[in-house]
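Here is the structure we will look at, set down as structure tokens.
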Amino acid sequence: MKRIAVLASGRGSNFQAIIDKVSDGTIPAEIVCLITDNPSAYAIERAGNHNIPVSVISFSDYPDREQYNQALEKTMIKCGADLFVLAGYMRLLKPETVRTFSGKMINIHPALLPSFSGLHAQKQALDYGVKIAGCTVHFVDEGMDTGPIILQSPVVVLNNDTEDSLAERIMEFEHQALPHAVKLFCEDRLEIDGRRVIVHDTPSE
Ligand code: GAR
């Protein structure tokens, strides 16, 4: 059984979606810890409800980015997870950290990458005027939202959409896409082949 660690900075609804699919046996894994940079993240309460250990690594507790990153990396190594899921973790990881966990870290982003990376992705999509928005789950590499794509879900943009209404509809798809990608990983069905991720029907060798 795989061990999953989740990194989240805020509300944690994607974290909850993973918890639910682990609890009902859809994802064959154990969630071994929540790591957050935000001591008041609602995700902490969600972890508490399910007896999931929490590590708070708050940026303001460290004199500089280097020491913050060292503490984060130490915590990640200590929790001994097979997979690290960035579920609304809003801090960019250092390239060294990404390399340490290469092929073992995935992220959910509320846009159809490579369009609209970074912050406020839904607003970027509306401002550009695209008709199809969506979400992407991808492996994390050293760039911002640039790693190999595991899966994407399209969401139609409506005439009267606001940033909030679009974000809310995309979120419904995020809550399906992220647990599904986690499940595929935990079933050893993902293979990274250069920029492409091959999704196997059965566990890959
Ligand atoms: C989600 O929409 C996620 O895609 C986004 O933050 C939100 C977290 O919501 N992540 C990013 O924008 C990362 N670039 P949640 O805390 O309710 O899961």
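All figures in this text were calculated on a predicted structure; none of them were measured in a lab. Note that ligands are numbered from 1 as they come in the structure, with each ligand's atoms numbered from 1 the same way.
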(Q) One pair to check against salt bridge (charged side-chain N to carboxylate O under 4.0 Å, His left out): Glu66 and Lys94. What are the steps and the verdict? (A) CA-CA 9 Å; Glu66 190 56 44; Lys94 284 190 77 175; 2.5 Å; yes

Q. Are any of the N/O atoms in Arg11 less than 3.5 Å from those in ligand 1?
A. yes

**Q.** Reference residue Tyr89; test side-chain contact (heavy atoms from CB on, under 4.5 Å); the match among Asp37, Ile108, Asn107
**A.** Asp37

Q. Where is the nearest protein heavy atom to atom 16 (O) of ligand 1: which residue, which atom, and how far?
A. Gly12 N, 2.7 Å

(Q) Between Asp193 (side chain only) and Arg196 (backbone N and O only), is there a donor and an acceptor less than 3.5 Å apart? (A) no

(Q) Please state which option from Met171, Glu174, His175 has its nearest heavy atom closest to atom 9 (O) of ligand 1. (A) Met171

(Q) So, 4.0 Å and heavy atoms of Ala8: is ligand 1 close enough to count as a contact? (A) no

Q. Where is the nearest protein heavy atom to atom 8 (C) of ligand 1: which residue, which atom, and how far?
A. Gly88 CA, 3.7 Å

**Q.** Taking atom 5 (C) of ligand 1 as the reference point, the nearest protein heavy atom with its distance
**A.** Pro110 CD, 3.9 Å

Q. Would you say the side-chain atoms of Asp145 pair up with the backbone N or O of Gly118, donor to acceptor, closer than 3.5 Å?
A. yes

Q) Do any N or O atoms from the side chain of Thr136 and from the backbone of Ala111 form a donor-acceptor pair under 3.5 angstrom? A) yes

(Q) Test your reading of the model: is there a side-chain donor-acceptor pair from Ser165 to the backbone of Asp161, 3.5 Å cut-off? (A) no

Q. To the nearest 0.1 Å, how far is atom 14 (N) of ligand 1 from its closest protein heavy atom, and which atom is that?
A. His109 ND1, 3.2 Å

**Q.** Closest non-hydrogen atom pair between Leu112 and Ala133, with its separation
**A.** CD1-O, 3.3 Å

Q. Which residue and non-hydrogen atom of the protein lie closest to atom 10 (N) of ligand 1, and at what distance in Å?
A. Ile108 O, 3.8 Å

Q) Does ligand 1 have any atom sitting under 4.0 Å from a heavy atom of Met90? A) yes

(Q) Tell me the protein heavy atom at minimum distance from atom 15 (P) of ligand 1, and give that distance in Å. (A) Ser13 N, 3.4 Å

Q.
With a 3.5 Å distance limit and no angle check, can you tell me whether Asp82 reaches the backbone of Lys2 through a side-chain donor-acceptor pair?
A. no

Q) Any N or O of Asn14 that comes nearer than 3.5 Å to an N or O of ligand 1? A) yes

